[in-house]
Visitor: 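Once you've had a glance at the structure underneath, I'll fire off some questions.
Since the model is a prediction, treat every value here as computed from it, not as a measurement. So you know, we letter chains A, B, ... as the sequences are listed, proteins then strands, and number each from 1.
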Amino acid sequence: MGKQDQKKFVEHITPRSEDFSQWYTDVILQSELVDYAPVRGCMVIRPYGYAIWERIQQEADSRFKATGHQNVYMPLLIPESLLLKEAEHVEGFAPEVAWVTQGGQEKLQERLAIRPTSETIFCAMYSKWVGSWRDLPMKYNQWCSVMRWEKSTRPFLRTSEFLWQEGHTIHETAEEAQQETLQMLDVYQEVAEKELAIPVLCGRKTDKEKFAGAVATYSMEAMMQDGKALQAGTSHNFGTNFAEAFEIQYLSRDGKLEYVHETSWGISTRLIGAIIMTHGDERGLRLPPRIAPIQIVIVPVAAHKGGVMEKCDEVFAQLTAAGFRVKVDDRDTVSPGYKFNDWELKGVPVRLEIGPRDIENNQAMAFRRDTCEKAPVALDGLVESMTALLDDIQQTLFKQAEALRDGRIKVVHTMEELNEVVQTGFAKTMWCGDPACEEKIKQEMNATSRNMPFDQTPVGDTCVCCGKKADKLIYFAKAY
RNA sequence: CGAGGUGUAGCGCAGUUUGGUAGCGCGUUUGGUUCGGGACCAAAAGGUCGCAGGUUCAAAUCCUGUCACCUCGACCA
């Protein structure tokens with residue numbers, strides 16, 4: 001059987017352009033990021049996928065610490081009575097809460113919610129821990145999983161259980177809480193853009209789209225390659241809503257009993273889905289170097305020949321010592337060509353091929369995953385050249401994503417234009433602030449408001465929907 | 001929740017119309033030759049045909065029920 005015949009039997013990825021959804025499924029399964037679990041709506045995150053999550057955790061967590069937050073851990077289960085305390089919050093989450101009703105053989109007196117988020121339990125503890133203004137602020141975060149009984153799920157994008165981080169803070173003043181809310185959104189934006197190479201649009205959610213129980217919700221919105229929006233991170237200012245419901249009070253500087261001002265903010269394993277759908281191509285994943293579990297893979301060519309493996313190990317040691325995340329693919333069961341495709345599918349930013357010819361010339365062949373270009377690179381000064389190359393790949397991925405996104409954001413003034421634009425991207429337009437207009441757009445074109453950007457430079461003065469006077473700049477899009 | 005589709009070896013599929021001992025490719029195992037873009041030869045292992053009933057001498061195939069998954073829609077911070 002010839003090579004051509006062989007090809008058709010090899011696993012392949014459905015072309016992105018043909019069926020984006022199927023492409024996504026093919027890529028996540030074949031690249032071994034994730035697998036379906038025996039439980040409906042849940043996923044198993046495999047080692048390669050989990051390694052990406054650990055990279056995201058490292059980058060986010062170090063920034064949380066740098067901004068004065070401490071990690072804690074709250075219990076998985078929340079007593080029903082606690083969950084019921086904040087009315088709007090309960091209403092928002094009730095439909096998707098999973099309940100524990102029995103322990104061993106014993107039916108529970110009070111059923112326990114498996115946390116869909118932990119505001120209520122943080123509030124219960126804060127009310128116990130806070131006494132004086134001297135105790136404030138309290139800025140805590142936890143890394144955990146939460147469960148929401150979702151009706152339809154996709155790995156990473158929406159699963160019944162998912163991993164995330166939830167920060168919960170309490171402050172003396174409204175100003176401080178607002179500052180915290182915006183600061184953490186900034187942190188998220190930096191992680192998304194600098195580390196994940198995903199450009200995001202930050203702004204405020206409409207009342208319709210805000211978090212249940214919040215005074216204000218802010219989000220960062222990313223655009224996937226199919227033009228749909230993915231909410232990639234959120235930050236909420238609760239004002240004193242929860243403090244009043246949970247009686248979180250402190251004795252102020254002038255001796256009065258005051259409610260604390262509270263915030264919460266979160267990012268999740270959804271970000272992995274965002275990386276895939278932002279950067280992936282026909283060959284599979286393209287991981288940004290700063291987040292890639294393996295930044296450089298070394299593939300020996302003719303590994304059995306004298307000196308090849310030795311040279312690979314030598315280069316590995318040199319690069320590892322310099323701080324790169326490196327792997328030598330020393331499998332002797334598959335050919336170099338197979339390895340090339342395999343690591344491209346897995347999105348490793350740089351591949352170094354080292355064979356007898358390279359060793360002769362004191363070089364390696366360097367393949368960069370972003371552009372799929374291959375060129376020789378000198379083994380002398382490799383640390384410097386790899387530093388520059390990885391940095392360039394990081395920048396290139398960001399610029400590509402940004403260019404694609406910006407090309408698909410269009411200013412619209414009419415419902416017809418809006419409908420047209422949300423088929424392929426984001427519509428930037430003016431809105432009067434009436435939820436009825438938002439609802440109408442959702443009903444008629446299945447597009448929702450994403451957020452109102454901080455830069456409110458107007459693109460008109462009438463509402464795209466009702467035509468009345470409008471002063472709110474807003475993005476609409478179809479969303480994941 | 002609604003419409004449509006799919007369940008047969010680890011993966012991808014044929015076989016179902018017309019009932020008659022379970023097939024193909026990839027992968028896996030063993031041995032050998034290979035190695036610069038998904039290598040080749042030889043031998044071998046591997047399946048309660050999603051599940052439960054029913055019809056029949058006989059069911060992957062026909063009937064009833066059920067479960068899971070996929071696509072689209074509804075719903076969803």
Visitor: Can you figure out which of B/A39, B/G37, B/G36 approaches the side chain of A/Lys374 most closely?
Guide: B/G37

Visitor: State which of B/G37, B/C76, B/A74 makes the closest approach to the side chain of A/Asn446.
Guide: B/A74

Visitor: Pairing check on B/C72: which nucleotide meets the Watson-Crick or G-U wobble criteria with it, both distances under 3.5 Å?
Guide: B/G2

Visitor: Under a 3.5 Å limit for both distances, which nucleotide forms a Watson-Crick or G-U wobble pair with B/A9, could you say?
Guide: none

Visitor: Expressed in angstrom and rounded to an integer, what is the separation of A/Met365 atom CE from B/C35 atom P?
Guide: 19 Å

Visitor: Without decimals, in angstroms, what is the distance between A/Asp35 CG and B/A68 P?
Guide: 18 Å

Visitor: Name the orientation class of the two ring planes belonging to A/Phe122 and A/Tyr126 (parallel below 30°, tilted from 30 to 60°, perpendicular beyond 60°).
Guide: tilted

Visitor: Check the pair A/Asn451 / A/Ser219 against side-chain contact (heavy atoms from CB on, under 4.5 Å), numbers first and verdict last.
Guide: CA-CA 7 Å; A/Asn451 63 30; A/Ser219 74; 3.2 Å; yes

Visitor: Which of these nucleotides, B/C35, B/C72, B/G38, is closest to any side-chain atom of A/Pro336?
Guide: B/C35

Visitor: Tell me which nucleotide, if any, is Watson-Crick or G-U wobble paired with B/C35 when both distances must be under 3.5 Å.
Guide: none

Visitor: Hunt down the Watson-Crick or G-U wobble partner of B/U48, both distances under 3.5 Å, from any strand shown, or write none.
Guide: none

Visitor: Mind checking the P distance from B/G47 to B/C11? Whole angstroms is fine.
Guide: 14 Å

Visitor: For the P atoms, the ones on B/G38 and on B/G27, what distance do you get once it is rounded to whole angstrom?
Guide: 14 Å

Visitor: Using a 4.0 Å heavy-atom cut-off across all strands, classify A/Phe367 as base, sugar-phosphate, or nothing.
Guide: base

Visitor: If I pick the P atom on B/G50 and the same atom on B/G10, what distance separates them, to the nearest angstrom?
Guide: 13 Å

Visitor: Is there a side-chain contact between A/Ser335 and the phosphate of B/C35, meaning an N or O under 4.0 Å from OP1 or OP2?
Guide: no

Visitor: Would you say B/C76 has OP1 or OP2 under 4.0 Å from some side-chain N or O of A/Tyr480?
Guide: no

Visitor: Between B/G38, B/C76, B/G37, which one does the side chain of A/Lys442 approach most closely?
Guide: B/C76

Visitor: Starting at atom CG of A/Asp329, determine the distance to atom P of B/G38, rounded to an integer number of angstrom.
Guide: 15 Å

Visitor: Tell me if the centroids of the rings in A/Phe211 and A/His89 come within less than 6.0 Å of each other.
Guide: yes

Visitor: Can a side chain N or O of A/Lys208 be found less than 4.0 Å away from OP1 or OP2 on B/C76?
Guide: no

Visitor: Salt bridge check: are A/Glu344 and A/Arg286 linked by an N-O gap of less than 4.0 Å?
Guide: no

Visitor: Please determine, for the side chain of A/Glu353, which listed nucleotide (B/C75, B/G36, B/G38) has the closest atom?
Guide: B/G36

Visitor: Can you tell me which nucleotide in B/U71, B/C76, B/C35 comes closest to the side chain of A/Ala302?
Guide: B/C35

Visitor: Applying a 4.0 Å non-hydrogen cut-off, can you work out what A/Arg331 is touching in the nucleic acid: base, sugar-phosphate, or nothing?
Guide: nothing

Visitor: Which comes earlier along RNA chain B counting from the 5' end, the contact point of A/Lys339 or that of A/Gln443, where each point is its nearest nucleotide?
Guide: A/Lys339

Visitor: Please give the distance between the C1' atoms of B/G36 and B/C41 as a whole number of Å.
Guide: 23 Å

Visitor: Would you mind reading off the distance between A/Asp26 atom CG and B/C11 atom P, rounded to a whole angstrom?
Guide: 14 Å

Visitor: Should the pair A/Glu80-A/Lys85 be classified as a salt bridge under the 4.0 Å nitrogen-to-oxygen rule?
Guide: no

Visitor: Rounding to an integer number of Å, can you tell me how far A/Phe340 CZ sits from B/C35 P?
Guide: 14 Å

Visitor: Any idea how A/Tyr218 and A/Phe454 line up, ring-wise: parallel (<30°), tilted (30 to 60°), or perpendicular (>60°)?
Guide: parallel

Visitor: Mapping A/Lys151 and A/Gln22 onto RNA chain B by nearest heavy atom, which one lands closer to the 5' end?
Guide: A/Gln22

Visitor: Base, sugar-phosphate alone, or nothing: which one does A/Pro356 contact when heavy atoms must sit under 4.0 Å apart?
Guide: base

Visitor: What is the nucleic acid contact for A/His304, judged by heavy atoms within less than 4.0 Å: base, sugar-phosphate only, or nothing?
Guide: base

Visitor: To the nearest angstrom, how far is A/Tyr338 atom OH from B/C40 atom C1'?
Guide: 17 Å

Visitor: A/Thr25 side chain: which of B/U71, B/C75, B/C76 is closest?
Guide: B/U71

Visitor: Do the side chain of A/Arg148 and the base of B/C76 come within less than 3.5 angstrom through a donor-acceptor pair of N or O atoms?
Guide: no

Visitor: For A/Ser219, which contact category applies under a 4.0 Å heavy-atom criterion: base, sugar-phosphate, or nothing?
Guide: nothing

Visitor: Going through the distances and angles, do A/Lys311 and A/Glu314 end up as a salt bridge (charged side-chain N to carboxylate O under 4.0 Å, His left out)?
Guide: CA-CA 5 Å; A/Lys311 182 56 80 174; A/Glu314 184 188 317; 3.4 Å; yes

Visitor: Quick one: which of B/C35, B/U71, B/G37 gets closest to the side chain of A/Asn341?
Guide: B/G37

Visitor: Both distances below 3.5 Å, Watson-Crick or wobble geometry, any strand: find the nucleotide opposite B/A42.
Guide: B/U30

Visitor: Give me the distance, rounded to whole Å, that separates B/G5 from B/A52 when you measure between the P atoms they each carry.
Guide: 25 Å

Visitor: Using whole Å, what does the distance between atom P of nucleotide B/C70 and atom CG of A/Leu157 come to?
Guide: 12 Å

Visitor: When you measure from the side chain of A/Arg283, which nucleotide among B/G38, B/G37, B/A74 comes out closest?
Guide: B/G37

Visitor: Regarding A/Gly92, tell me which of base, sugar-phosphate or nothing describes its non-hydrogen contacts under 4.0 Å with the strands shown.
Guide: sugar-phosphate

Visitor: Considering only atom C1', compute the distance from B/A22 to B/G46 and round it to an integer number of Å.
Guide: 13 Å

Visitor: Of the nucleotides B/G37, B/C35, B/C72, which has the atom closest to the A/Ser21 side chain?
Guide: B/C72

Visitor: Is the shortest distance from a Lys or Arg side-chain nitrogen in A/Glu59 or A/Arg63 to a carboxylate oxygen in the other one below 4.0 Å?
Guide: yes

Visitor: Looking at A/Arg283 and A/Leu345, would you say the former's side chain and the latter's main chain have a donor-acceptor pair under 3.5 Å?
Guide: no

Visitor: Donor-acceptor pair under 3.5 Å: do we get one between A/Glu344's side chain and the base of B/G38?
Guide: no

Visitor: Which one is paired to B/A59, where only Watson-Crick or G-U wobble pairs with both distances under 3.5 angstrom count?
Guide: none

Visitor: Rounded to the nearest Å, what distance is computed from the CD atom of residue A/Glu282 to the C1' atom of nucleotide B/G38?
Guide: 17 Å

